[in-house]
Visitor: 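Have a look at the structure that comes next, please.
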Amino acid sequence: MAKPKLSILITTPFHAPELTGVGRYSGELARGLAQRGNSVEVVAPPPYYPGWHVRAPYSAKRYQTEKLEGTTVRRCPIFIRPNASGLVRLLSPVSFAITSAPVVFWRVVTGRPDVVLVVEPTLASVPVAWAAARLVGARTVLHVQDLELDAALVVGHMKLPKLAEKAAFAFERLLMRGFDRIVTISNKMADAIGRKRVPADRIALIRNWVDVDSIKPLASANPYRAELGIADDRFVCLYSGQIGRKQALHLMLEAAERLAADSRFVFVVAGEGPEKEPLQARYGGLSNVRFLGLQPEERLNAFLNLADCHILPQDAGVSDLVLPSKLGGMLASGRRILVTADDDSELAMFLEGTASIVPPGDPDAIARELKLLIDAPDEKSEQRLDLARSISSQICLDRFDELLGR
């Protein structure tokens, strides 16, 4: 057997077989690095996202080890509650950091990997992983999917007194500056990391990717229309993914309420999360709104192609802190995209010329734009496909593999 190029240990609070969000990308990263000839070991909790509950055969209460897509995954217990919010959302990553600490330390010290890679969120796992890596001389890499402290304060998940806020950001800066390399997914996030006094030569940009061989325009009739009883002449506005406060789905549903008298539109929301139940209670009675569960991976391409227009709502201020992981699939489907974002945000600049951009926090603007789109030909499909190809998994994972070997 050929000697691995690198021995890599990844610690992440979200991991495969989760189908959405950070877990999807950490899983694809681990698999992609293993396929490129590296030895990959992962320390993670059992899969629990987006519904915030653990399903059999996994357990939230015990340690487990499994072989998964060419990698070894060591599962550690986590404190979790269904559709968690508030304090539980803060306690969950801390609990994983505590239960995983001895596993990470032992595997780094005994296995002596070449690279220790920590996925943020969450920074709670950083101190032990970083200390163990330094002890054995391993390179340290932080993969920033979400500037969790910045985003939590903007969205309102967390409110701190000024002194505590300053202390939290100071601790965050200290942790980040200790890494040999920080990889993030957007230019604005890279700029924000730079403002935390991380040297520019340690920061790298690798966008979240999409498998353009699996997600692509559907050549035949979409089976979902028949299954859901949606006529071919109705304009489907689709959201698929986590349903939480950060996603600001109330904006899309308020637009649906404004368009309820226009029978041409149907709004489909698919996914799980802490905000799903209250949103269903508030908007589930609308005749033009359908709520669905998270769709299976093997049907993802057909489901994304159900959209006449993908909707990506966000709260004001978030579009520079989080570049939504679902964006690649939207682009690769070739279908229209409508996002809420400020004109100078990373999201708006990334999508320039391929999507409709309306101001954040304005459901009236969403409704107005949809009424324009339904009567207009789609002239941007090829540009969206080109943008998807520029962030293909092959290109991005090759770049990640190259960067870790430096």
Side-chain angles (χ1 to χ4, degrees), residues 9-16 18 20-27 29-30 42-54 58-64 73-105 107 116-132 140-160 164-165 167-169 171-176 178-179 182 184-185 189 242 244-247 272-274 318 321-322 325:
L9 184 137
I10 301 172
T11 178
T12 171
F14 304 96
H15 196 59
E18 292 174 354
T20 64
V22 175
R24 183 182 190 92
Y25 288 100
S26 67
L29 175 61
V42 181
V43 180
Y48 63 90
Y49 188 85
W52 288 73
H53 63 97
V54 176
Y58 296 98
S59 170
K61 297 179 180 179
R62 66 177 185 267
Y63 291 91
Q64 298 171 282
V73 183
R74 304 187 186 277
R75 306 283 183 178
C76 301
I78 187 169
F79 173 75
I80 202 76
R81 290 292 182 271
N83 292 324
S85 60
L87 181 61
V88 174
R89 289 185 71 114
L90 298 178
L91 290 177
S92 292
V94 172
S95 71
F96 168 68
I98 292 169
T99 63
S100 66
V103 177
V104 170
F105 189 83
R107 293 306 305 158
V116 174
L117 190 155
V118 182
V119 177
E120 181 190 3
T122 172
L123 285 172
S125 300
V126 165
V128 169
W130 182 89
T140 53
V141 178
L142 179 66
H143 189 202
V144 180
Q145 286 276 357
D146 188 342
L147 285 167
E148 58 189 312
L149 184 56
D150 303 63
L153 291 170
V154 167
V155 174
H157 283 158
M158 181 169 56
K159 295 186 180 183
L160 297 174
E165 186 177 315
F169 278 116
F171 184 59
E172 180 194 44
R173 285 196 300 271
L174 179 66
L175 293 177
M176 284 191 167
F179 280 86
I182 296 180
T184 192
I185 61 175
M189 289 172 72
Q242 165 73 352
R245 188 184 303 177
K246 187 167 61 180
Q247 285 71 36
E272 303 295 339
V318 174
L321 301 175
V322 180
S325 57

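This chain uses plain numbering: 1 for the first residue, then up along the sequence.
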Visitor: Which heavy atom in L117 sits nearest to a heavy atom in V119, and how many Å separate them?
Guide: CD2-CG2, 3.9 Å
Visitor: Grab the two heavy atoms, one from V144 and one from T184, that are nearest each other, plus how far apart they are.
Guide: O-OG1, 3.1 Å
Visitor: Of all heavy-atom pairs between A124 and V94, which one has the smallest distance, and what is that distance?
Guide: CB-CA, 4.5 Å
Visitor: Mind running side-chain contact (heavy atoms from CB on, under 4.5 Å) on V128 and T11 for me, showing each step along the way?
Guide: CA-CA 11 Å; V128 169; T11 178; over 6 Å; no
Visitor: Side chains of H143 and I10, heavy atoms from C-beta outward: is any pair under 4.5 Å?
Guide: no
Visitor: Run the side-chain hydrogen bond (donor to acceptor under 3.5 Å, both in side chains) test against Y63 and tell me which residues pass, sequence neighbours left out.
Guide: none
Visitor: Would you confirm whether Y49, through its side chain, and G21, through its main-chain N or O, come within 3.5 Å as a donor-acceptor pair?
Guide: no
Visitor: Please enumerate all residues that pass salt bridge (Lys or Arg N to Asp or Glu O under 4.0 Å) together with R24, with sequence neighbours excluded.
Guide: E28, E297
Visitor: Restricting to side-chain contact (heavy atoms from CB on, under 4.5 Å), what partner residues turn up for P93, sequence neighbours left out?
Guide: T122
Visitor: Is any side-chain heavy atom of R74 closer than 4.5 Å to one of S100?
Guide: no
Visitor: Under the 3.5 angstrom rule, does the side chain of Q64 hit a backbone N or O of S59 as a donor-acceptor pair?
Guide: yes
Visitor: State which residues pass side-chain hydrogen bond (donor to acceptor under 3.5 Å, both in side chains) with S26; sequence neighbours excluded, sorted by chain then number.
Guide: H15
Visitor: How far apart are the closest heavy atoms of E272 and Q242, and which atoms are they?
Guide: O-OE1, 3.1 Å
Visitor: Rounded to the nearest 0.5 Å, how far apart are CD of Q145 and OH of Y25?
Guide: 8.0 Å
Visitor: Kindly indicate, with the supporting measurements, whether the criterion side-chain contact (heavy atoms from CB on, under 4.5 Å) is fulfilled by E120 and I182.
Guide: CA-CA 10 Å; E120 181 190 3; I182 296 180; over 6 Å; no
Visitor: Under the rule for ring-ring contact (aromatic ring centres under 6.0 Å, His included), what residues qualify as partners of Y48, not counting sequence neighbours?
Guide: F14, W52
Visitor: On a heavy-atom basis, which atom in H53 and which in P82 lie closest, and how many Å separate them?
Guide: CB-CG, 4.2 Å
Visitor: Could you list the residues that satisfy side-chain contact (heavy atoms from CB on, under 4.5 Å) with S95, not counting sequence neighbours?
Guide: I78, F79
Visitor: Please confirm whether the backbone N or O of V22 pairs with a side-chain atom of S325, one donor and one acceptor, at under 3.5 Å?
Guide: no
Visitor: Less than 4.5 Å apart, side chain to side chain, heavy atoms only: is that true for L142 and L175?
Guide: no
Visitor: Test V126 against F179 for side-chain contact (heavy atoms from CB on, under 4.5 Å), laying out the working first.
Guide: CA-CA 10 Å; V126 165; F179 280 86; 3.6 Å; yes
Visitor: Measure the CG-CH2 distance between L123 and W130 for me, rounded to the nearest 0.5 Å.
Guide: 14.0 Å
Visitor: Please find the pair of heavy atoms, one from A60 and one from P46, that lie closest to each other, and give the distance.
Guide: CA-CG, 4.0 Å
